[in-house]
A.B. asks: 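Let me begin by handing over the structure; questions about it come next.
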Amino acid sequence: MTMLKDPSAKYRAFPQINLPDRQWPSQIITKAPRWLSTDLRDGNQSLIDPMGAEKKTRFFDLLVKVGLKEIEIGFPAAGATEYDFIRGLVDNGRVPDDVLVQVLTQSREDLIKTSFESLAGVHAAIVHLYNAVSPLWRQVVFGLERPQIKDIAVNGAKALRDQAARFPQTAWHFEYSPETFSTAELDFSLECCEAVMEVLRPTPEHPLILNLPATVEAATPNIYADQIEYFCRNLPNRDAAVISLHTHNDRGTGVAAAELGLMAGADRVEGCLFGNGERTGNCCLVTVGLNLYTQGIDPQLDFSNIDEVIQTVEYCNQLPVPARHPYGGELVFTAFSGSHQDAIKKGFAAQQTRNDPLWAVPYLPIDPADLGRSYEAVIRVNSQSGKGGFAWVLEQDQGLKLPKRMQPHFSRHVQELADAAGRELHAEDIWDVFQRVYHLGSAQHFALVDYEETRAADGTRLFAGKIGVNGLEQSVSGRGNGLISSVVATLEASFGVKLEVRDYLEHAMSAGSEARAAAYVECSGPDGETIWGVGIDEDIATASVRAVLSAANTIVAKTA
């Protein structure tokens, strides 16, 4: 069987919501919502190998550390593993006083009873009741009509009320989900929620959480936002309800649906840290939270060490966080393209020089340092990279700030290696090329051993010292207007090497008393070609001598 030429013969477009005066498109999100992590429940049930107690405990501790104040910890009626884990958290006092744990239950009295018993003794908790309400589930899965479906919700609400009375020492909160809300009739979802509210009698001071899940994402996120706005407008006693969102990612827009749902009036978002969940996953809390952060809103979640968060999630889920996952992926702050690298490099330079705390670097919507990432991984080099990328890596790894005119010269040599290797080049690869091209390694034709500089009575400078020539020391001297010109004169007089220095640049490689300095000389060789020399030393004058010898080594290598 293949894809149909006429999909309309099998599939229908999701109907629009009749909301001509919708307000959500002009709204903006100004504060963080209430967050609920369902990593330990929805996320866990989607794993090939569900987490055991050790992994669930480690994950729970991570969620607390990140700042989650509402955590769905399981489905206690599902089996002994879930029940025992929940009881362990309670009995061992692992639930912080400012954290609300939540459990999920179907609308069946025996399952509800088990759910309350699993939490007995906890200081406060949410019991989350659900039943499916959409036509497909009513007709195909259950074979029931609307009144019977509403009765299931009402009976479940009564069981919540009665079971809570058995454990008065706990501050109970309730949540109700008309499951499959996204594909149900809005009037019927409202009818079921109103019936549940009539039983539980929520107040503005002690509201009921009404969770409106996109159990299966079946439409564009704007339609989900219409559904949320319509629901909020038409719900009696709206101030006695917390409207919660639980989006799935079947169409790839779970995050967008959650954000538009918040614009439409919702108060709370359920999801998993990196969007794990059934089928294509849940809403990614990291993405929504950091989207808010980049708009200047405190998400009330702490991802300052996002790599630690990823390591724990990957260990517990046994699923990798994709390399291109927003904010957290290994490569999301990385540029290989030469034009991208150039823009980022210039952006960082501008960020450092302008007196403005606002972040504004091309291609980087967030400062990687805010998430505990170093700048070393921002620019990485392969055959697609440009001269700016190679220069950036050297600056970050070695502290070398190559002159702009020098960058094309060096990049040609790195590009040759990249083309030949057919892989990403690492910092050590680029440093090896740099040392080879500018003769900074041990195998040098000319190597500085020792020298001193003196000033003659006529104002000229005398360079006198020892230079190793293929490993053999030789005493040399030369006179010039300055140190560099005296070294140039020495090379011509002692070895017949002619070069003319066109330009000289220098910089400190780091701050402090132990800092080294780098010197660069741009020279004309015997045939007029441009030759670059590089010198590195704790003393800037010595670095300049080494830079001239570096250029001389290139001339000797060309004529060898």
A.B. asks: Give the C-alpha distance, both sets of side-chain angles, the deciding distance and a yes or no for side-chain contact (heavy atoms from CB on, under 4.5 Å) between I73 and V95.
C.D. replies: CA-CA 11 Å; I73 53 177; V95 182; 5.9 Å; no
A.B. asks: Let me confirm one number: the CD-CD1 distance from Q227 to I17, rounded to the nearest 0.5 Å.
C.D. replies: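 Reported value, rounded in 0.5 Å steps: 4.5 Å.
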A.B. asks: With side chain to side chain contact (heavy atoms under 4.5 Å, CB included) as the test, pick out the partner of L62 among T57, L68, L273, D39.
C.D. replies: L273
A.B. asks: Taking atom CZ of R201 as the centre, report whether more than 12 heavy atoms of other residues, nucleotides or ligands fall under 6.0 Å from it.
C.D. replies: no
A.B. asks: Taking atom CG as the centre, does N355 end up with more than 12 heavy-atom neighbours from other residues, nucleotides or ligands that are less than 6.0 angstrom away?
C.D. replies: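 Atom CG in N355 is not crowded, with 12 or fewer foreign heavy atoms closer than 6.0 Å.
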A.B. asks: If you compare all heavy atoms of A258 against all heavy atoms of T247, which two are closest, and at what distance to 0.1 Å?
C.D. replies: N-CG2, 3.9 Å
A.B. asks: Give the C-alpha distance, both sets of side-chain angles, the deciding distance and a yes or no for side-chain contact (heavy atoms from CB on, under 4.5 Å) between Y224 and L260.
C.D. replies: CA-CA 8 Å; Y224 184 66; L260 298 192; over 6 Å; no
A.B. asks: Can you tell me if CD1 on I48 sees more than 12 non-hydrogen neighbours from other groups inside 6.0 Å?
C.D. replies: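 Not buried by this count: 12 neighbours or fewer within 6.0 Å.
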A.B. asks: Carefully, step by step, assess I152 and L144 under the rule side-chain contact (heavy atoms from CB on, under 4.5 Å).
C.D. replies: CA-CA 10 Å; I152 292 174; L144 300 175; 3.9 Å; yes
A.B. asks: For N291 and E259: C-alpha separation, side-chain torsions, deciding distance, then whether side chain to side chain donor-acceptor pair (under 3.5 Å) applies.
C.D. replies: CA-CA 9 Å; N291 282 353; E259 291 182 325; 2.9 Å; yes
A.B. asks: Atom CD of E117 and atom CD1 of I112: how far apart are they, to the nearest 0.5 Å?
C.D. replies: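 So the gap between those two atoms works out to 12.0 Å.
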A.B. asks: Is K55 atom NZ crowded by more than 12 heavy atoms from other residues, nucleotides or ligands, each under 6.0 Å away?
C.D. replies: yes
A.B. asks: Using the six-membered ring wherever Trp is involved, compare the ring planes of H128 and Y130 and label them parallel, tilted or perpendicular (cut-offs 30° and 60°).
C.D. replies: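 Ring orientation of H128 relative to Y130: perpendicular.
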A.B. asks: Atom OG1 of T215 and atom CD of E278: how far apart are they, to the nearest 0.5 Å?
C.D. replies: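 Nearest 0.5 Å value for the OG1-CD distance: 9.5 Å.
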A.B. asks: Roughly how far apart are E330 CD and F333 CZ, rounded to 0.5 Å?
C.D. replies: 12.5 Å
